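Report on the following structure.
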Amino acid sequence: MAEDRKKIAVIATGGTIAGAGPAGDSAGYRAGELPVEQVVKSVPGLADVADLEMYTVCQVDSNDVTFGVYREVKKLVEALEADPSVDGVVITHGTDTLEETAFLLNLVLDVKKPVVITGAMRPATATSADGPGNLMQAVSLAADDQAAGMGVLVVLSNMVFAGRDVKKTDSMSTDAFRQNEFGLLGYVRDRRVSLIHRPYRFHTSASRFNVTDLRDMPEVEIFYVHEESDPGLLRYMLERYDGVVIAGTGGGNYPRAVQDVIESWDGECMIVRASRLPEGEAVPDEVFDPMQRTIAAYDLMPHKARLLLMLGLQSGRSREEIQEDFRVY
Ligand code: SIN
C-alpha cells in the first residue's frame, strides 16, 4: 500500500561502490568516481523497495575520510532524523576505513532511526560488481522497523554487523567483513531482514558523545609494537601528540624498553593499551603496566581505540573517566 512505502535517504561518501575502471576488471579502478544517482540507478528493483532521496557529502577513497567528513555526515543525518518524512538513512562508503566511520558515527550520532552503512569490494564497472546487491540490502535494512534504535549498522554480503564491532578482514573477497567472535547481528537476503542479536554497548541517542561538534579534535596516533620496537619513536610520539594508542602484542603487551618509556612518562599525553590482534581483550594488567600508566582498550582494535580516546580527550574527560568509557562503549 502506498502509505506503507518508506522514504530512505542515501548519502554518498565515495569508495569502491562508486568506483570506475577498465570494463570487467576488479582492480585498477578509481574509488568515488560515479555519482550516487548512477550507482542507485544500477540496482534492479531498488525503486520498488522505498522512495529514495540522494545526497553527496564527498566522493573520496575512504582513506581520505576526515573529521570534516564526519561533521558533514553528522549534521546531515541529524537533520534527516528531525525530518518526519524520512524513515531511515543509508551511507555508502569505501570499505578500507568503513569500520572507523561506523564506530565513530555510532558514538556521535544523536539518532534513533535506522542508519546503515554499506560499500563494495569491486567497482561498479567490474564483472559481478557487489555494490548493487549490498545497496539493495542496505536500503531494505534501513526501511525495516527492526533496525531502529540498533545504533549504526553495517551490511555487506548478506551479513548485518554492529558499527562498534565490525572489522574488515579480507583485502580481496567480497565476503570481507566479520565481527569475529561476536558473530553477526543478522542477515539480509533480497529484501528480507532477519535480525537476531542487539548491540549491548551504549550508542547513538544513549552516547555521551552525541553532543560533540567534532571540531578541534585532539591528535592521537598509534604506536605499532613488534620485536625490537624503537622506544625512541614512542618517546617522540608521547611528546608530540595528545594521546597515543599502543597496538601491543597479545593482550596489549610490549618489550621491556617500551615499558621503560611508558613508566618514565609523566607528561600530558594519555596512553591507551590495545592489542594488534583482531580477537580477545587488552585488560588492565599489573604485570605489563604495574604503575597503571595506561588505559586498557579491551577488545577495541587500535584504530577504533584512537577514535574513542579522541572523543574522551575532546570532552575533557579524566584518565579514570576515559578508562570507564572503554568499559561501556
Ligand atoms: C575505499 O576504501 O575507498 C577503497 C576501497 C574500497 O572501497 O573497497
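Counting starts at 1 for both ligands and their atoms, in listed order. Here the structure is a predicted model, which is why all the values come from computation and not from measurement.
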Starting from atom 2 (O) of ligand 1, find the nearest protein heavy-atom neighbour and note its residue, name and distance.
Ser62 OG, 2.6 Å
Is a donor on one side and an acceptor on the other found under 3.5 Å between the side chain of Arg317 and the backbone of Glu324?
no
Judging by distance only, is a nitrogen or oxygen of His93 under 3.5 angstrom from one on ligand 1?
no
Applying side chain to side chain contact (heavy atoms under 4.5 Å, CB included), run through His93 and Val154 and close with a yes or a no.
CA-CA 10 Å; His93 198 284; Val154 172; over 6 Å; no
Closer than 3.5 angstrom, by distance alone: can the side chain of Asp61 be matched with the main-chain N or O of Asp64 as a donor-acceptor pair?
no
Look at the side chain of Asp285 and the backbone N and O of Asp289, then say whether any donor-acceptor pair between them is shorter than 3.5 Å.
no
Could you tell me whether Thr97 and ligand 1 have an N or O pair separated by under 3.5 Å?
no
Sub-4.0 Å atoms of ligand 1 with respect to non-hydrogen atoms of Asp96:
2 (O), 4 (C), 5 (C)
Sequence neighbours excluded, which residues qualify as salt bridge (charged side-chain N to carboxylate O under 4.0 Å, His left out) partners of Glu281?
none
Just to confirm my output: which protein heavy-atom neighbour is closest to atom 8 (O) of ligand 1, and how far is it?
Thr95 OG1, 2.5 Å
Atoms in ligand 1 flagged as close to Thr16, the criterion being non-hydrogen separation under 4.0 Å:
4 (C), 5 (C), 6 (C), 7 (O), 8 (O)
Under 4.0 Å from one or more heavy atoms of Ala120, ligand 1 contributes atoms 6 (C), 7 (O), 8 (O)
Parallel, tilted or perpendicular, judged at 30° and 60°: which one describes the rings of Tyr241 and Tyr236?
perpendicular
